[in-house]
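Here's the structure we're looking at; comments come further down.
Here the structure is a predicted model, which means the values were calculated and not measured.
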Amino acid sequence: MEKIRRFEEIPSWAMVGLRVEDAGPGWAELRLPFHERLLQAMGRVHGGFIAMLIDSAVAAALWPTVEDGQAITTVDLKVNYVRPAVDQDLLAIAHVRHRGRTTGLADCSVVDAATRKEIAFGVALYMIVPA
């Protein structure tokens with residue numbers, strides 16, 4: 001968990017207030033607190049922030065499986081938006097589905113933190129590379 005908590009110091013995470021709620025090897029739950037700076041012109045949370053949340057949750061789930069001397073980088077990210085997020089905290093729940101020698105694949109669901117209604121879901125493929 002401590003290894004993943006250090007992610008909260010990443011500048012992009014700090015900028016939006018992204019926090020690790022809970023995590024373990026192969027899974028992670030992240031919270032994106034609502035703030036007006038996340039909104040797009042129509043008053044909804046911008047899809048780019050939701051995609052960032054999915055990508056970050058997958059990284060947090062995969063990171064404990066990575067050995068010293070290795071790093072990870074996103075190769076592919078697919079996001080499906082189910083309903084708009086307006087003024088609520090969002091939770092992302094990610095699970096690693098495959099961890100190979102050079103890649104890791106995980107899925108992630110983003111839900112309204114209060115109602116647990118799904119906002120979006122996605123799949124991310126990461127490459128495992130030398131650090």
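In this structure, the side-chain contact (heavy atoms from CB on, under 4.5 Å) partners of Ala61, at least two apart in sequence or on a different chain, are Ala28, Ala94, Val96.
What you find for Ala124 and Leu77 is that their closest heavy atoms are CB-CD1, 3.9 Å. Between Ile4 and Pro64, the shortest heavy-atom contact is CD1-CG, 3.3 Å.
Checking side-chain atoms of Arg5 against main-chain N and O of Val20 turns up a donor-acceptor pair under 3.5 Å. With hydrogens and angles disregarded, no donor-acceptor distance shorter than 3.5 Å links the side chain of Thr74 to the backbone of Asp76. Side-chain atoms of Tyr126 never come within 3.5 Å of backbone atoms of Val58 as a donor-acceptor pair (strictly under, hydrogens ignored).
Side-chain atoms of Leu32 and Val16, non-hydrogen and from C-beta on, do get closer than 4.5 Å to each other. The closest side-chain heavy-atom distance from Glu8 to Leu18 is not below 4.5 Å. Put simply, the side chain of Phe34 does not reach to within 4.5 Å of the side chain of Gln88, judged on heavy atoms. Under the 4.5 Å side-chain criterion, counting only non-hydrogen atoms from C-beta, Ile93 is not in contact with Cys108.
Identified under the side-chain hydrogen bond (donor to acceptor under 3.5 Å, both in side chains) test for residues 61-71, with sequence neighbours left out: Thr65-Arg99.
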Side chain to side chain contact (heavy atoms under 4.5 Å, CB included) evaluation trace for Leu39 with Val45: CA-CA 4 Å; Leu39 299 178; Val45 175; 4.2 Å; yes

Stepwise side chain to side chain contact (heavy atoms under 4.5 Å, CB included) test for Glu21 and Arg19: CA-CA 6 Å; Glu21 291 283 297; Arg19 297 189 319 260; 3.7 Å; yes

Side chain to side chain contact (heavy atoms under 4.5 Å, CB included) evaluation trace for Val110 with Glu118: CA-CA 6 Å; Val110 175; Glu118 191 167 55; over 6 Å; no

Trace of the side chain to side chain contact (heavy atoms under 4.5 Å, CB included) decision for Val111 with Leu90: CA-CA 6 Å; Val111 299; Leu90 300 177; over 6 Å; no

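Taken to the nearest 0.5 Å, the OG atom of Ser109 stands 9.0 Å off from the CD1 atom of Ile119. Note that CD1 of Ile128 is 9.5 Å distant from CZ of Arg101, once rounded to the nearest 0.5 Å. Taken to the nearest 0.5 Å, the CD1 atom of Ile54 stands 11.5 Å off from the CG atom of Leu30. With rounding to the nearest 0.5 angstrom, the CD1 atom of Ile50 is 9.5 Å from the CG atom of Leu38. One finds the OH atom of Tyr81 at 15.0 Å from the CZ atom of Arg44 (value rounded to the nearest 0.5 Å). Rounded to the nearest 0.5 Å, atoms OG (Ser56) and CH2 (Trp13) are 5.0 Å apart.
No salt bridge links Glu9 with Arg6; every basic N to acidic carboxylate O contact stays at or beyond 4.0 Å. The pair Arg31-Asp89 meets the salt-bridge criterion, since a charged nitrogen lies less than 4.0 angstrom from a carboxylate oxygen.
Hydrophobic clustering of Ile, Leu, Val, Met, Phe, Trp and Tyr side chains at less than 4.5 Å, counting indirect connections, unites Val75 with Val123. Residues Phe7 and Leu91 do not share a hydrophobic cluster, defined by chaining ILVMFWY side chains whose heavy atoms lie under 4.5 Å apart. Hydrophobic clustering (ILVMFWY, side-chain heavy atoms < 4.5 Å, transitive): Phe49 and Ile10 are in one cluster.
For Met15, the CE atom sits in a packed shell: over 12 heavy atoms of surrounding residues, nucleotides or ligands are nearer than 6.0 Å.
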